[in-house]
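Here's the structure we're looking at; comments come further down.
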Amino acid sequence: MIIRSIKAENFMKFSRLNLLDLPEAGVIGIIGPNESGKSTIGEALLFAFFGRTKMSKDCPLESLIHWGSEYMRVEIDFVLLDQEHGRRNLRIYREIDRFGTNYAKILELPGKQEVARGNIEVTSFIQAQVGFDFFEFQHAFYHDQYGSRLVDDSQREFLERMTGVRQMDSAIEKIKTEVEQLEREFGHYQKDIGRNLKQIEHFARTVERLPELREEEEKAVYDYVNMKETVEENSRSREAYGSLIGSGNGREQRFVELASARGSQLEDGVAGLLDDYRSLQSRCIDGELDDTELAEETGKISGALEQANKFLDAYRQLRGSFVEARETLESELYGGDENSLKTRLTAQEQERMRLAAVLKGRLRGQLAGGALFLLFAGLAVAFAVKIESLENLLGEIPSHYVSLGCGGVGLLALLFLSLKYVSYRGFQSRRSDLAKIISELNKKIQDTKSRIRDYLRLEELKDSGAPRDYVEAAGEIATGAAAKRLEEFRGRYSALLGLDPEAGPGDYTDLLRQQAENENTCRKRIKSLTQGCARKLKDSEAALKKAQSSRDRISNELREAEGQLAKKETLEEKVAEFESAALKIRREIDDRRTACELLQLCSATTREKVGPTLSRYLKCILPRLTEGRYRDVKLDPDLKIQVFADERSDFISAVELSGGTNEALMLGLRLALSQAHITAHTRQKQFMFLDEPFKMMDGARVVGALESLGKLSEELCQFFVVQPRCEEEQVAALDRVIRTAVETTELKVDFAASSADESA
């Protein structure tokens, strides 16, 4: 990597720094008194590429900002050789302010195309493309003014760090520490495995009984379930018989009450008892109440109740027949059609009233016709007699004409009177017939009402009288279909009605009273069965408790065994995990021991090889830096530097050298390490920044060293050399010169312009 320009603003001493068109090869001297900003140029390079400086190790980056300013920025143009892209002109840019804002980017010139942005991307790009980090750059290509003071252990430590030996030794110690920790952890796992195996062996003895315990539990559960079913069955039987005892007293009383009951109370009571005994008989048949004698008793009572219920159903139907007969009479009397008696009577009465009105009109017509007849007959007679006074009234009209006219009108009036009389007699005859019809209808209506009242009185016996009373009362008024139904009922149930004592034991009341005795016998049987069920229930509950105790005991033992099985399986899983973890740790221990052996071998090999490798570079560099006085150098396996002294004809330690020679030796070692780093990593041209490398050398050696720097290697071709004081001979040995001053905070050097002036 070659530096082409260095620009900075508000960076440390400089408010503005511009070093433009730096030459790609040669020695560039930076000359100036102390505190004039010479080392600041190197710090600017460190900050631009790595975001840190040697000074920033002990103080924050904000302290690098020029006094009185709010920000600083550094901009470096450099050249990289890339196998893929060839020569690349790049510019790295960094900026920070006093608020801690940090910004970085890398641009590709001349188009200023951005190739990296941000600190992370810029750092990754530098590491990947340039091939070194801050530490490597500082110890390989940046020789600060304190580098020449390294002696003995410091030299060896530096060489060990640069060659990687120190890192390998540190890694070996770290690996050994990890191995010790892993061995302790491995020992803990072995103890846990042994303890768990003992516990597993203890659990295994109990686990072996699991099949036997499961069989015992299965048998105990089977016995418990059977006994529980027996208890439930006995409990249900006891509850069933117990409920029958309570309801039996009521049923006996109901039989007694039904013997004197009437109407719907009797019918509903018999129907309710029949339902109860049918249900009880069904429970006996279905097996819920498992007793044949009880089934027989309930069958007898159910048969008697069914007989009574059939009798009452027939009795209800008989009453229905009389109700239908009454409803038929009511329909004939009050029906809404035109054939009902009331409707016919109303129609006949309306007809009679209409005839009365017509007869009244006919009578008026007869009287009017008679009056007209008498009037015109008298006038006809008068005009026929020829009364003088009437002739005077007629004047010229002949009287016989008038007499004829009046006689004709009188005849017409007589004819009208005859017709009216004949019509009047006809209507009067019709009126007499209507009177007879109305009289007959009224009589029939009265008879029908009387029969309806008889039926209503008969219905009152439904709730107040016995069926026998009802039948006797119905026989007095029954007609038609009702009478036929009554005879059928009487012939079928004469015994239950008490009409034929020879046909049966008595009427229905005797039948119901007899069932009370049967119910008493049935209740005693139920009570006996209840007591037997109670004894069975008590015995079965005791057996159930014993079976439950046995089941619980075996279940507890089985649960304990299964719990130990689960613990055993868990412990086996843990043992497997511990063994796997222990095996993994053992492998890690073996791997680390192998790595430690390899690192030790690598460290030893590196120590053996780094000495000859660096010795070859030093043999080329050291004669030029020491004016040929020291030409041979070697590094032993402990990386201690020894120089061949001609006057002693032997290798001597670096401690025995003078300060100037030791400084030259360390400079040569730094150049050798730089060349080795380029050969191993970067493989391209590289600059070096040497900060006061010749403090202890005399002027002649400094000139020789400056003249030799550019000729040491094709890769190390650009050198920045900081010198506080420089004689004319030393300045002449420099290719380019940058001069600084204490009072100057702005520095600008354009080597392109200076080259043009020199050419002119």
Side-chain angles (χ1 to χ4, degrees), residues 46 49-52 54 56-58 119-120 123-144 146-147 150-190 580-618 634-642 654 666 669-670 672-683:
L46 291 174
F49 286 108
F50 306 107
R52 54 188 291 197
K54 291 175 65 63
S56 65
K57 293 180 181 179
D58 302 322
N119 291 314
I120 296 177
T123 301
S124 299
F125 181 86
I126 293 297
Q127 181 67 31
Q129 299 296 326
V130 178
F132 49 75
D133 56 12
F134 180 81
F135 176 81
E136 293 172 343
F137 177 79
Q138 183 182 357
H139 290 83
F141 306 111
Y142 189 96
H143 180 84
D144 63 16
Y146 304 104
L150 297 175
V151 294
D152 288 342
D153 294 339
S154 299
Q155 294 174 353
R156 185 169 58 257
E157 180 183 355
F158 172 70
L159 291 175
E160 288 177 350
R161 289 176 61 85
M162 291 302 296
T163 56
V165 172
R166 177 58 61 89
Q167 289 84 344
M168 284 186 281
D169 292 342
S170 176
I172 290 170
E173 294 299 325
K174 184 178 180 181
I175 290 173
K176 289 181 178 180
T177 303
E178 292 177 355
V179 168
E180 292 177 358
Q181 295 176 350
L182 290 172
E183 286 179 343
R184 286 194 295 270
E185 188 175 356
F186 181 79
H188 292 319
Y189 276 119
Q190 292 299 318
S580 177
L583 179 60
K584 184 178 178 181
I585 292 172
R586 172 52 60 190
R587 290 173 180 172
E588 290 181 359
I589 291 173
D590 295 340
D591 292 342
R592 279 168 172 73
R593 285 177 175 172
T594 302
C596 189
E597 293 174 359
L598 292 175
L599 284 173
Q600 290 174 347
L601 178 61
C602 183
S603 175
T605 304
T606 302
R607 291 176 183 274
E608 292 176 358
K609 291 184 177 181
V610 72
T613 302
L614 293 178
S615 297
R616 286 197 299 270
Y617 285 112
L618 282 173
K634 69 176 182 179
L635 277 76
D636 60 14
D638 293 332
L639 298 181
K640 292 183 178 180
I641 302 175
Q642 293 181 331
M666 291 309 301
L669 180 61
R670 176 58 58 88
L673 288 173
S674 301
Q675 182 62 48
H677 191 280
I678 292 173
T679 302
H681 297 287
T682 61
R683 297 181 182 178

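When a residue number appears, it is its place in the shown sequence, counting from 1. We use all heavy atoms of the structure for the numbers below, so side chains are in, but hydrogens, waters and symmetry mates are not.
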Rounded distance (nearest 0.5 Å) linking atom [atom1] of [X] with atom [atom2] of [Y]:
| X | Y | atom1 | atom2 | answer |
| --- | --- | --- | --- | --- |
| Met168 | Leu599 | CE | CG | 7.5 Å |
| Ile589 | Thr594 | CD1 | OG1 | 11.5 Å |
| Lys584 | Tyr189 | NZ | OH | 9.0 Å |
| Ile175 | Leu182 | CD1 | CG | 11.0 Å |
| Cys596 | Lys176 | SG | NZ | 5.0 Å |

Using the side chain to side chain contact (heavy atoms under 4.5 Å, CB included) criterion, which residues pair with [X]? Sequence neighbours excluded.
| X | value |
| --- | --- |
| Glu597 | none |
| Asn119 | Arg94, Asn102, Ala104 |
| Glu180 | Arg184 |
| Glu178 | Lys174, Arg592 |

- Item | Residues which pass ring-ring contact (aromatic ring centres under 6.0 Å, His included) with Phe50, listed by chain and number, not counting sequence neighbours |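 Residues passing ring-ring contact (aromatic ring centres under 6.0 Å, His included) with Phe50: Phe134, Phe137.
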- I would like to know whether Ile172 and Gln600 meet side chain to side chain contact (heavy atoms under 4.5 Å, CB included); could you show each step before the answer? CA-CA 7 Å; Ile172 290 170; Gln600 290 174 347; 3.4 Å; yes
